[in-house]
Amino acid sequence: MTAIEFNLFPITEVYAGHLFFPVERAAEVLRAWRDWTETVPDEITSVGRILQLPPIEEIPEPFRGKSWPCCRRSTRATISTKPSA
């Protein structure tokens, strides 16, 4: 492939976040994440994985060189997805 073209759409707000858990809970966390993904609307993007961070200084010490089950979620902000005030 030498080129790719795609259209962009204006999005003004996005809600997103990561959750990290102790590696000992990986099976439990990823099972719960999988079950949760079956209940949410298609507009929600989510990733469940085990993240292995390298042992380098640029990573905060509590995370450095360790494995973490990690769940990420993101969605465009709409009236139905905005958190209540």
Side-chain angles (χ1 to χ4, degrees):
M1 179 184 298
T2 59
I4 186 169
E5 293 184 24
F6 54 92
N7 294 324
L8 299 176
F9 299 94
I11 296 176
T12 57
E13 292 183 65
V14 173
Y15 290 104
H18 285 83
L19 297 173
F20 291 82
F21 299 88
V23 72
E24 300 80 23
R25 295 185 59 199
E28 169 195 0
V29 167
L30 295 176
R31 232 183 335 267
W33 168 80
R34 181 197 60 209
D35 294 344
W36 173 79
T37 62
E38 294 175 0
T39 69
V40 297
D42 290 341
E43 293 80 16
I44 292 180
T45 299
S46 183
V47 175
R49 63 182 172 177
I50 296 177
L51 182 64
Q52 174 63 49
L53 297 173
I56 59 176
E57 262 184 49
E58 291 80 7
I59 296 177
E61 195 279 324
F63 291 88
R64 192 178 304 150
K66 297 181 181 174
S67 295
W68 299 90
C70 176
C71 300
R72 180 182 65 91
R73 174 212 192 243
S74 61
T75 187
R76 288 181 25 195
T78 64
I79 292 174
S80 62
T81 59
K82 283 186 180 180
S84 56

K.L.:
For Ile50 and Ala26, which heavy atoms make the closest approach, and how far apart are they?
P.N.:
CD1-CB, 4.0 Å

K.L.:
A quick test of your reading: do over 12 heavy atoms of other residues, nucleotides or ligands sit less than 6.0 Å from CD of Gln52?
P.N.:
yes

K.L.:
Given 3.5 Å as the limit, does a donor-acceptor pair link the side chain of Arg76 with the main chain of Val14, or not?
P.N.:
no

K.L.:
Assigning hydrophobic clusters by single linkage (Ile, Leu, Val, Met, Phe, Trp, Tyr; side-chain heavy-atom cutoff under 4.5 Å), is Leu51 placed with Ile59?
P.N.:
yes

K.L.:
Parallel, tilted or perpendicular: which describes the rings of Phe20 and Trp68, with under 30° parallel and over 60° perpendicular?
P.N.:
perpendicular

K.L.:
Taking atom OG of Ser46 and atom CZ of Arg34, what is their separation to the nearest 0.5 Å?
P.N.:
13.0 Å

K.L.:
Working to the nearest 0.5 angstrom, can you tell me the gap between Glu61 CD and Lys66 NZ?
P.N.:
6.0 Å

K.L.:
Work out which heavy atom in Cys71 is nearest to a heavy atom in Val29; give both atom names and the distance.
P.N.:
SG-CG1, 3.8 Å

K.L.:
First locate atom SG of Cys70, then atom CZ of Arg49, and finally report the distance between them rounded to the nearest 0.5 Å.
P.N.:
5.0 Å

K.L.:
Quick one: pull up CD in Glu13 and OG1 in Thr75 and give me the separation to the nearest 0.5 Å.
P.N.:
11.5 Å

K.L.:
Distance from Glu58 atom CD to Arg64 atom CZ, nearest 0.5 Å?
P.N.:
8.5 Å

K.L.:
With rounding to the nearest 0.5 Å, note down the distance linking OH in Tyr15 to CD1 in Ile44.
P.N.:
13.0 Å

K.L.:
Backbone N or O of Val47 within a donor-acceptor pair of the Arg72 side chain at under 3.5 Å?
P.N.:
no

